[in-house]
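Data first, discussion second: the structure below is written as structure tokens.
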Amino acid sequence: MNFREQVCLIKENTVDLIQEEELLRRIEKKGSIRVKFGVDPTSPDIHLGHSVVLLKLRCFQDLGHKVVLLIGDFTAKVGDPSGRNKMRKPLSTEEIKANAKTYKEQAFKILSPEKTEVLYNSTWLSKMNFSRVLKLASHYTVARMLERDDFNERYHSKYPIGLHEFFYPLMQAYDSIALKADVEIGGTDQKFNLLLGRQMQKSYGQAPQVIITMPILEGTDGVEKMSKSLGNYIGITESPREMYGKLMSIPDNLIFRYFRLLTSLSEEKIQKKEEALSKGILHPKEIKKDLAKWIVTFYYGASSANMEEKRFENLFKKRKIPEELPSYCVHSCELKNDKIWIIKLLKLAHFARSGSEARRLIAQGGVKWDGKRIKDVELELSLDNGHILQVGKRSFMKIIKL
RNA sequence: GGGGAGGUUCCAGAGCGGUCAAAUGGAACGGGCUGUAAACCCGUUGGCGUUGCCUUCGGUGGUUCAAAUCCAUCCCUCCCCA
């Protein structure tokens, strides 16, 4: 692949690439360049949203470039104010350490460890003395700092901005100087920080880094950005089953966005699918199945993906009861005259948290016993072996007498 | 330091003496429709072997036949001015 083609591939699906020509020049000159990606070891669980940037880094690695995974163990003590309207609470050293470890493990599901250099910014930041900090700060002005959306908003709505928070972008910029980064990549929410890195490198007599921003991925609800706290995320350590199921439940308008940002399927092939969909040749469900399979295969391999696909078809399309299901053993001491009251069983099997909830489920027609809908809340069930209790459309449990 | 607002059920947020297990919205759950979805429609959302009873509206005490609602006090949050 020639250099120009490399740049085109890198550029795919990015939001910003500043400056494209500079990127080309550096690749031509060096062959292999240093791509910086900084992570905040605050929440260790990586989800598909984070994977967008990681996959782009992987793309760099596949082209023979080096990724510098920078763990912001020092900056975590400040907390990135990006997109926040509050100060973050600083983490303890132990938490940071533990998070960094988990992060690395998860990131290497995507990145190639051989082509990744892991560094910690405490290495140089903890050695900064006050005069060096002052020098760093003198290269930037308050007014420019306040241009940043989140600071601006906080400033005008009178939310407190810790003075130390101004140092977050400065420290991040200093990291680029320390690393002599050729490229820095991040989500679009990082644009300000990334640009500042460019400017500070110039102030320190270095060639300014190329910056790349990647889109922020919407979560499974299709509206909000994917995040753990909103509960609309798909974690990369989730089981193949969860992952497949969640992917199948994303809204249709997200299918191609996910294809572009989460798979390495070529743009050309994605466009073919889009076309086939709009012409009605392909059903959206089929394309979504493809997507789910792609992603599950990436993380767990083809056999897992095939298994989940089959299971899914059986469960949802054919409405069959899955072959393997969790079971619950009823202790004989719970039985009266060899029978158990349905309400009690629902509570024991954790299908309902209270008797009232169990009654509600039955009243609403959500409970089935061996496939037959239960209507009577007073029902007493006799348990010989292997009955199946179903609540809602998807939860099944085999009930066994102990 | 001075002034003001407020803490209600999962969340947001009404209620301001009885008709309140508490409006409305979000979320969740169940049913329907479907492609498994989304959207949409209907229903449910304190507990109890449940036509009735019991416990909830920041904590504690009080007024009253009756308190989420009134009073006192304590705790906590937020805003404005300095």
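The chains referred to below are lettered A, B, ... by the order of the sequence lines, with proteins before strands, and numbering in each begins at 1.
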In whole Å, measure the gap between the [atom1] atoms of [N] and [M] for me.
N	M	atom1	result
B/rU60	B/rA68	P	13 Å
B/rG52	B/rC29	P	32 Å
B/rC65	B/rA14	C1'	28 Å
B/rC41	B/rG58	C1'	40 Å
B/rU63	B/rG31	C1'	49 Å
B/rC70	B/rU8	P	16 Å
B/rA38	B/rG32	C1'	16 Å
B/rG59	B/rC11	P	14 Å

Least distance between heavy atoms, A/Val183 atom then A/Leu23 atom: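 Looks like CG2-CD1, 3.7 Å.
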Rounded off to whole Å, could you give me the [atom1]-to-[atom2] distance for the [X] and [N] pair?
X	N	atom1	atom2	value
A/Glu309	B/rU36	CD	C1'	13 Å
A/Leu346	B/rC29	CG	C1'	14 Å
A/Leu277	B/rG35	CG	P	15 Å
A/Asp252	B/rU34	CG	P	16 Å
A/Lys288	B/rU34	NZ	C1'	11 Å
A/Gln364	B/rC29	CD	P	12 Å
A/Lys285	B/rU34	NZ	P	14 Å

Out of B/rG35, B/rG31, B/rU36, whichever nucleotide has its closest atom nearest the side chain of A/Lys393: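 Closest nucleotide to the A/Lys393 side chain: B/rG31.
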Chi-based syn or anti call at B/rU51, which uses purine or pyrimidine torsion atoms and a 90° bound: syn
Pairing nucleotide - B/rU51, Watson-Crick or G-U, each distance under 3.5 Å: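 Pairing partner, where one exists within any strand: none, as none qualifies.
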Counterpart base for B/rU77, defined by Watson-Crick or G-U wobble contacts under 3.5 Å: B/rA5
Distance-only, no hydrogens or angles: does the [X] side chain make a donor-acceptor pair with backbone N or O of [Y] under 3.5 Å?
X	Y	result
A/Lys115	A/Val67	no
A/Gln209	A/Leu194	yes
A/Lys288	A/Ile250	yes

Where protein sits on nucleotides 47-57 of chain B, one letter per nucleotide: B base, S sugar-phosphate only, - none, heavy atoms under 4.0 Å: SBBB-------
SB check A/Glu275 A/Lys272 (cutoff 4.0 Å):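 Salt bridge flag = no for A/Lys272 with A/Glu275.
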Note: A/Arg25-A/Glu21 ion pair, threshold 4.0 Å (strictly below):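 Salt bridge: no.
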Just list the side-chain donor-acceptor pairs under 3.5 Å for residues 328-356 of chain A, sequence neighbours left out, or say none.
{"unit_1": "A/Trp341", "atom_1": "NE1", "unit_2": "A/Val377", "atom_2": "O", "d": "2.8"}
{"unit_1": "A/Ser354", "atom_1": "OG", "unit_2": "A/Glu357", "atom_2": "N", "d": "3.1"}

Residue closer to the 5' end of RNA chain B, A/Val367 versus A/Pro251 (nearest nucleotide):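 Closest to the 5' end, via its nearest nucleotide, is A/Val367.
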Closest-nucleotide ordering on RNA chain B, the 5'-leading residue of A/His283 and A/Val391: A/Val391
Positive for side chain to side chain donor-acceptor pair (under 3.5 Å) with A/Ser176, one of A/Gln201, A/Gln206, A/Glu184: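 Of the listed options, the one satisfying the test is A/Glu184.
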